[in-house]
Amino acid sequence: MNYMREALSLALRGKTSVAPNPLVGCVIEREGKIVGSGWHKKAGLPHAEIIALRAAGELAQGANVYVTLEPCCHYGRTPPCVDALIAAKVKSVHIPCLDPNPLVSGGGVAKLEAAGIQVYIGAEAAAAREQNQAFLHYIATKKPYIVAKWAMTLDGNIATDTGDSKWITGVKSREHVHQTRCWLGAVLIGVRTAMTDDPKLTPYLLEDFENRAQEGISNPYRIILDSNGSLPLTAQVLKHPDPERTIIATTAKAPKTWLDTLKAKQIKTIIFPTNINGGVDLDVLLTVLSDMEISGILVEGGQQIFTSFIAKKLINRLHVYIAPKILGSKKAFTAVADLGIAKIVAALKGNIIKLRQIGDDVLLEVDLL
Ligand SMILES: [Zn+2]
């Protein structure tokens, strides 16, 4: 058995609840048998290693531990896992890579080795990095990991000329989008999309929304870019039971009475400096969101938002859902406009990272170069 792969698949169970923390899974093996395992569910709850050690009990002594990220050696919201591993007298610890968090990086390994525990680094490193791409980017750059998502027809349209986009893709694709919102911990749209679609930006159906609340799992932040302050006060996105997780990013152009009404609803409003086009300055926005421990954002459009994020090279990955449909319209919306590219040779290029079918649609994951 590949114990690290087993640990990675356990880690995935935290995917819709763990942000802004990393996904971590842990397997404890002794004499060819798994004697304990665990995964990290959310900030403030025990780390994967602790859950696995508790499950293994005395069997952890002399056992081999496989954990998908370097065990922590600092006091965060919970005590250091390294101390627990040493106290349990494990024989070896296997990790794919070091934790880039400067509070940990290499420190966890050094402390384990000083206690006489053998540490092996490198197993399934590429898969582990891909799994924690958002966390690793956030820790290394202090900027949220940005995924731009759009759903389009075979002829490249994201909406009709009237702005209708419900629904280009099927229910399975839309469920996948909801999971991605939870994984990244935040979703962002422009005010035009907020007005045209009037989305709630919830992670799931209402029942699950309540389940999450009962388990103390926060819902993804909902961020609306609205430089002029034109979002109607009746918008669905303003009606959540956790209004403090709705953020309206605006500028000094927003009317005071509008701002006051939003504040009275407990909605978080933030005034940003403007860029040369009069919109919210995106660099400042991302710095502020990062300071709020928002480690990832799913940017969901519309066209103007995609265009400005791509023009500023702020996208880490594209999630493009393609539905086997043809719209056939000159005026329908494409995902991106106005990049001023006249020749194919000058087109922005990317690498396909993953390609798979979801229901009747295809999902392409692309990293832009
Ligand atoms: Zn830990």
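What you are looking at is a predicted structure, and each value in this text was computed from that prediction instead of being measured.
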Could you give me the CA-CA distance, side-chain angles and deciding distance for Asp164 and Thr162, then say whether side-chain hydrogen bond (donor to acceptor under 3.5 Å, both in side chains) is met? CA-CA 6 Å; Asp164 182 34; Thr162 60; 5.6 Å; no
Do side-chain atoms of Asn132 reach the backbone of Phe135 as a donor and acceptor pair under 3.5 angstrom? no
Kindly give the heavy-atom pair with the smallest separation between Thr141 and His137, and that separation in Å. OG1-O, 2.7 Å
Give a yes or no on whether Ile247 and Ile271 share a hydrophobic cluster (residues Ile, Leu, Val, Met, Phe, Trp, Tyr; joining criterion: side-chain heavy atoms under 4.5 Å apart). no
Between Leu364 and Leu318, is any pair of side-chain heavy atoms under 4.5 Å apart? no
With distance as the sole test, does Arg181 use its side chain to make a donor-acceptor pair with the main-chain N or O of Thr202 at under 3.5 Å? yes
Test your reading of the model: is there a side-chain donor-acceptor pair from Thr307 to the backbone of Ala337, 3.5 Å cut-off? yes
Run His240 and Arg245 through side-chain contact (heavy atoms from CB on, under 4.5 Å) and show every step you take. CA-CA 9 Å; His240 287 291; Arg245 291 183 81 84; over 6 Å; no
What's the verdict on salt bridge (charged side-chain N to carboxylate O under 4.0 Å, His left out) for Lys330 and Asp161, showing C-alpha distance, side-chain angles and the deciding distance? CA-CA 8 Å; Lys330 273 186 190 169; Asp161 57 347; over 6 Å; no
Any chance you could lay out the salt bridge (charged side-chain N to carboxylate O under 4.0 Å, His left out) test for Arg317 and Glu130, step after step, and finish with the verdict? CA-CA 12 Å; Arg317 182 163 292 186; Glu130 169 68 12; 2.8 Å; yes
Same apolar cluster (I L V M F W Y, side chains within < 4.5 Å links), Val119/Leu69: yes
Residue pair Asp283, Thr287: steps toward the side-chain hydrogen bond (donor to acceptor under 3.5 Å, both in side chains) verdict: CA-CA 6 Å; Asp283 290 319; Thr287 303; over 6 Å; no
Here the pair of heavy atoms bringing His40 nearest to Leu45 is CE1-O, 3.3 Å
Heavy-atom pair of closest approach, residues Pro96 and Ala125: O-CB, 3.5 Å
May I ask you to check whether over 12 heavy atoms, not counting those of Lys166, lie within 6.0 Å of atom NZ? yes
Looking at Thr274, is its backbone amide N or carbonyl O close enough to the side chain of Lys253 to form a donor-acceptor pair, meaning the two atoms are under 3.5 Å apart? no
Nearest 0.5 Å, what's the CZ-CG distance between Arg13 and Leu23? 13.0 Å
Is there a donor-acceptor pair closer than 3.5 Å between any side-chain N or O of Asp367 and the backbone N or O of Asn351? no
Does the pair Asp83/Lys111 count as a salt bridge with the N-to-O cut at 4.0 Å? yes
So, Gln357 side chain and Gly359 main chain: donor-acceptor pair closer than 3.5 Å or not? yes
Just checking Lys200: does its NZ atom have more than 12 heavy atoms from other residues, nucleotides or ligands closer to it than 6.0 angstrom? no
Non-hydrogen atoms of Gln303 and Ile158 that approach each other most closely: N-CD1, 4.4 Å
Do the side chain of Gln118 and the main chain of Ser92 share a donor and acceptor less than 3.5 angstrom apart? no
Residue pair Ile168 / Trp150, side-chain heavy-atom distance below 4.5 Å: no
Atom pair CG (Asp281) and OG (Ser227), whose distance is rounded to the nearest 0.5 Å: 12.0 Å
Hey, is NZ on Lys91 packed in by over 12 heavy atoms from elsewhere, all under 6.0 Å? no
Other residues, nucleotides and ligands only: do more than 12 of their heavy atoms fall within 6.0 Å of NZ on Lys172? no
If the plane angle is over 60° it's perpendicular, under 30° parallel, otherwise tilted; pick one for His319 and Trp183. parallel
Could you tell me whether the side chain of Pro243 reaches within less than 4.5 Å of the side chain of Lys265, counting heavy atoms only? no
Backbone of Val27 reached by a side-chain donor or acceptor of Glu6 within 3.5 Å: no
Within 6.0 Å of CZ in Arg192, more than 12 heavy atoms from elsewhere: no
Walk me through it: do Asn157 and Thr334 pass the test side-chain contact (heavy atoms from CB on, under 4.5 Å)? CA-CA 5 Å; Asn157 296 126; Thr334 55; 4.0 Å; yes
Could you give me the CA-CA distance, side-chain angles and deciding distance for Thr193 and Thr196, then say whether side-chain contact (heavy atoms from CB on, under 4.5 Å) is met? CA-CA 5 Å; Thr193 301; Thr196 311; 5.8 Å; no
Shortest non-hydrogen pair, Glu70 vs Gly108, comes out as OE2-N, 3.0 Å
Cluster overlap Leu327 with Val362, hydrophobic side-chain contacts below 4.5 Å: no
Among the clusters formed by ILVMFWY side chains lying less than 4.5 Å apart, do Ile305 and Leu231 turn up in the same one? no
Under 4.5 Å between any side-chain heavy atoms of Leu225 and Ile189, yes or no? no
Any heavy-atom pair between the side chains of Val147 and Asn316 that's under 4.5 Å? no
pair Ile297-Leu286: side-chain heavy atoms closer than 4.5 Å: yes
For the backbone of Pro144 and the side chain of Ser290, can you confirm whether one donor and one acceptor N or O come within less than 3.5 Å of each other? no
Give the minimum heavy-atom separation between Ala88 and Leu53, together with the two atoms involved. CB-CD2, 3.7 Å
Does CG belonging to Asp360 count more than 12 external heavy atoms closer than 6.0 Å? no
Going by ring pair (Phe, Tyr, Trp, His ring centres under 6.0 Å), name the residues that satisfy it together with His94, two or more places apart in sequence or in a different chain. Tyr66, Tyr120
Could you go through the side-chain contact (heavy atoms from CB on, under 4.5 Å) check for Thr169 and Ile358 one step at a time? CA-CA 10 Å; Thr169 46; Ile358 299 187; over 6 Å; no
Any chance NZ of Lys349 has more than 12 other-residue heavy atoms, nucleotides or ligands included, within less than 6.0 Å? yes
Return yes if some donor-acceptor pair links the side-chain N/O of Thr251 with the main-chain N/O of Pro273 below 3.5 Å, else return no. no
Would a hydrophobic clustering, with Ile, Leu, Val, Met, Phe, Trp and Tyr connected at side-chain separations under 4.5 Å, put Leu188 with Ile294? yes
By salt bridge (Lys or Arg N to Asp or Glu O under 4.0 Å) - contacts of Glu215 (at least two apart): Lys41
Calculate, to the nearest 0.5 Å, the distance between atoms CD1 and SG belonging to Ile217 and Cys182 respectively. 9.0 Å
Validation row: Cys26, Trp39 side chains within 4.5 angstrom (heavy atoms): no
Nearest 0.5 Å, what's the CD1-CH2 distance between Ile248 and Trp258? 5.5 Å
Beyond-backbone contact of Lys354 with Leu363, side-chain heavy atoms, under 4.5 angstrom: no
Report the residues that fulfil side-chain contact (heavy atoms from CB on, under 4.5 Å) with Glu244, sequence neighbours left out, ordered by chain and then residue number. Asp242
Within a radius of less than 6.0 Å around CG of Asp338, do more than 12 heavy atoms belonging to other residues, nucleotides or ligands occur? no
